[in-house]
Amino acid sequence: GEPFCFDNQTLFQCHNKKLLKNENGIFSVYNKTANGSYTGQGWVLKRSIDNGLTWTDVHTDTAYFGPPCMEQDSSGNIYLINDDTISTSELLIFSSPNYGSPSSFAITSISAGKHSMILDEDNDRIYYFKANEKLKILNLSGTTLSTVTLLQDGPNAYCQYPFFTKDANGNIYFAWVTDDHLGPAFYRNIGFIVSRDLGVTWEKMDGTNLTLPIVADETGSAEMISLI
């Protein structure tokens with residue numbers, strides 16, 4: 001198949017998954033082409049069924065800012081969320097084992113360059129956050145269940161790279177890096193919080209309830225690690 005083709009934006013969004021493996025092969029998603037104004041990044045989802053020796057295209061598309069987030073469920077279905085315009089994103093579900101044309105579901109009123117997702121199959125949830133401070137909670141069928149303004153800019157810095165993880169009990173952990181208002185990019189803090197009730201409420205690690213929206217920098221109420 002076509003070899004991997006990279007440009008200077010290939011690894012943009014590298015805090016998100018770019019490789020998955022299941023019984024149907026190895027899958028990779030990345031930028032193939034980019035423009036400097038971040039209004040039309042060409043990306044590709046590739047698949048290898050011979051342990052990475054050769055690759056074929058599953059799907060190609062265009063993103064406004066960067067390549068999609070990627071997750072999979074226990075059946076090998078693959079879920080991508082693509083920021084297809086400046087104000088919308090799109091959930092694409094590729095069904096195992098053939099990964100043909102995906103089912104598509106719009107995620108509206110959400111815009112930013114950095115995004116992250118996590119799939120919680122046991123609780124039929126997808127959590128998706130973009131660095132404009134909005135959290136979208138969907139089910140695995142693509143229905144948006146709620147929209148939460150989780151963060152707000154602080155006086156010293158604002159949210160940039162977000163990240164999710166979860167534990168065996170279904171608790172959802174959310175972290176983010178802040179960027180100093182002074183510019184150019186200067187990463188100031190890492191904030192982190194947890195939800196133990198499917199994203200309805202959020203807490204510090206010690207169980208202290210947090211009022212939303214949370215100020216993103218060190219002046220807010222979240223746990224915070226200083227990078228300065």
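Below, each value reflects all heavy atoms present in this structure, side chains not excepted, and no hydrogens, waters or symmetry copies.
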Using atom types as modelled, flag every donor-acceptor pair under 3.5 Å from a side chain in residues 166-174 to any protein atom, sequence neighbours excluded.
{"unit_1": "Asp167", "atom_1": "OD1", "unit_2": "Asn169", "atom_2": "N", "d": "2.9"}
{"unit_1": "Asp167", "atom_1": "OD1", "unit_2": "Gly170", "atom_2": "N", "d": "3.2"}
{"unit_1": "Asp167", "atom_1": "OD1", "unit_2": "Asn171", "atom_2": "N", "d": "3.0"}
{"unit_1": "Asp167", "atom_1": "OD2", "unit_2": "Asn171", "atom_2": "ND2", "d": "3.1"}
{"unit_1": "Asp167", "atom_1": "OD2", "unit_2": "Tyr173", "atom_2": "OH", "d": "2.9"}

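- A donor and an acceptor atom, one from each side chain of Ser195 and Asp197, are located under 3.5 Å apart.
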Exercise. Dump the intermediate steps for side-chain hydrogen bond (donor to acceptor under 3.5 Å, both in side chains) on Lys136 and Thr147, then the final yes or no.
Key: CA-CA 5 Å; Lys136 296 280 188 174; Thr147 301; 2.9 Å; yes

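- Looking only at distances, a side-chain donor or acceptor of Asp179 sits under 3.5 Å from a matching main-chain atom of Phe186.
- Closest heavy-atom contact between Leu140 and Ile93: O-CD1, 3.5 Å.
- Met224 and Asp217 get closest at one heavy-atom pair: CE-O, 3.3 Å.
- Under the ring pair (Phe, Tyr, Trp, His ring centres under 6.0 Å) criterion, the residue pairs touching residues 70-95 are His59-Phe94, with sequence neighbours excluded.
- Asn77 contributes a side-chain N or O that, together with a main-chain N or O of Ser96, makes up a donor-acceptor pair within less than 3.5 Å.
- Shown here for Thr108 and Thr88, the closest heavy-atom pair between the two residues is CA-CG2, 4.3 Å.
- A search for ring pair (Phe, Tyr, Trp, His ring centres under 6.0 Å) contacts involving Phe105 returns nothing, not counting sequence neighbours.
- Judged by distance alone, the side chain of Thr149 and the main-chain N or O of Pro213 form no donor-acceptor pair under 3.5 Å.
- Aromatic ring pairs are classed by plane angle as parallel below 30°, tilted from 30° to 60° and perpendicular above 60°; the pair Tyr127 and Phe164 is tilted.
- For Ile49, the CD1 atom sits in a loose shell: 12 or fewer heavy atoms of surrounding residues, nucleotides or ligands are nearer than 6.0 Å.
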